[in-house]
Novice: 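One structure, pasted below without further comment.
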Amino acid sequence: MSCGCFGGSVVKRRQSTARATGGIDEQLIRTVNHFSYDQLKLATDDFHSSNKIGRGGFGTVYKGILKDGTEVAVKTLAAQSKQGAHEFLTEINTISNVKHPNLVELIGCCIQGANRILVYEYVENKSLDKVLLDQRSTNIQLDWSKRSAICMGIARGLAFLHEELVPRIVHRDIKSSNILLDKDFNPKIGDFGLAKLFPDNITHISTRIAGTTGYLAPEYALGGQLTMKADVYSFGVLVLEIISGRSSSKTNWGGTMRLLLEWAWQLHEEGKLIEFVDPELGEFPEEEVLRYMKIAFFCTQAAANRRPLMSQVIEMLGRNVRLNEKELTAPGFFQDGEASSSKKSLESSAATSYQMSSVPVSITEVIPR
Ligand SMILES: Nc1ncnc2c1ncn2[C@@H]1O[C@H](COP(=O)(O)OP(=O)(O)OP(=O)(O)O)[C@@H](O)[C@H]1O
């Protein structure tokens, strides 16, 4: 049995013409590590319920131990799931043979009879939504140093997908339940079942809308215009969840029907942003936390071409920079089929072809130490 056997470092600037067409690459399937059903049956003790670690839209997930001692997560596709069958191939098509410390590694798959199973590296510390939104029952305290490192790790994973791979990958479903935390709370982006490949010369595509409300960029939710900036928007929402310890899937924040982002923006306009911070956070560096929130606002601006690239977000998070707030424009919201703010800029953003270079360069200025 081969496992974890790809070796080498991060795969960068990979080339594949078949991938570039967005089609499923038969040849690629052959290069993926294949497990037999019996190997996975053995690894999971016959898919024993005591090894069950979760259940998602795709099917049930089990913990398994391979013959060589490697711990794995074994994701079984529920029978009859057409959507799942598509996501199964999309996962293989997008992230097989791609390695990065902030991406959940796909170790291999099993295609045998009716069985469709994906095998991933096992990530110890549950998903971010569970740890963040249910800190008491998980007994895990996420202090600021962990939370800021989680933001940075996710940003690095996204920058890698958007800017270092060929073709580039837009994840399309960045949300806290798709971020897993390893034993050191290093975040790993998982669940590439909705991902789209972007060849170098393509800046946007029109596509069927998929993803999770609350995280959806308005130009994508309303017009199906997909660019990397849709992931940047979702990342901004995720940062707000990480800072506030509150879920973006609820819509009753601030004592009325309001999205998390809407509430955060309102507090910003009232100069009361500090009220947004998670009461469970403990001590925190106020200036830095507020800076992270403003970075989230830059990421969630209504006009997609005003949002930074993920590499710029990494700079903004990591360096002691003062954000040029004059460049900041209102966020775009999508709720129940309608954009609730900034309709004008939204319409113009949906009509724009986004270029990597069209991002304002003056978002930040370095503060001399
Ligand atoms: N590689 C992994 N290592 C450890 N646990 C995992 C791994 N992958 C998934 N899990 C666990 O299984 C659960 C279900 O994961 P899955 O990706 O199938 O669904 P989801 O992302 O929670 O939901 P949905 O499919 O609706 O987006 C996760 O919440 C997590 O607890």
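Indexing begins at 1, ligand by ligand and atom by atom, following the structure's order. The structure displayed is predicted, hence computed values, not measured ones. Quick note: residue numbers are just sequence positions, from 1.
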Novice: In this structure, are over 12 heavy atoms from other groups packed under 6.0 Å from Glu283 atom CD?
Specialist: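 Incorrect, the count does not exceed 12.
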
Novice: If only side-chain N and O atoms count, and only distance matters, is there a donor-acceptor pair under 3.5 Å linking Ser247 with Asp129?
Specialist: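 Asp129 vs Ser247: no donor-acceptor pair found between side chains.
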
Novice: Under 3.5 Å, is there a donor-acceptor pair between the Gln266 and Glu262 side chains?
Specialist: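 There is no such pair between these side chains.
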
Novice: Using only heavy-atom distances, determine whether the side chains of Tyr215 and Glu241 contain a donor-acceptor pair under 3.5 Å.
Specialist: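 There is such a pair (donor and acceptor under 3.5 Å, judged by atom type) between the side chains of Tyr215 and Glu241.
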
Novice: Any protein N/O atoms within less than 3.5 Å of an N/O atom in ligand 1? List the atom names and distances, or say none.
Specialist:
residue	atom	partner	partner atom	Å
ligand 1	1 (N)	Glu121	O	2.9
ligand 1	3 (N)	Val123	N	2.9
ligand 1	17 (O)	Lys75	NZ	3.0
ligand 1	17 (O)	Asp191	OD2	3.3
ligand 1	21 (O)	Asn178	OD1	3.0
ligand 1	21 (O)	Asp191	OD2	3.1
ligand 1	25 (O)	Gly57	N	2.8
ligand 1	26 (O)	Gly57	N	3.3
ligand 1	29 (O)	Lys130	NZ	3.0
ligand 1	31 (O)	Lys130	NZ	3.2

Novice: What residue pairs, at least two apart or across chains, pass ring pair (Phe, Tyr, Trp, His ring centres under 6.0 Å) with a residue in residues 178-200?
Specialist: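 Listed by first then second residue: His171-Phe192.
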
Novice: Distance alone, cut at 3.5 Å: any donor-acceptor contact between the side chains of Tyr292 and Arg147?
Specialist: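 Absent: no donor and acceptor within the cut-off.
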
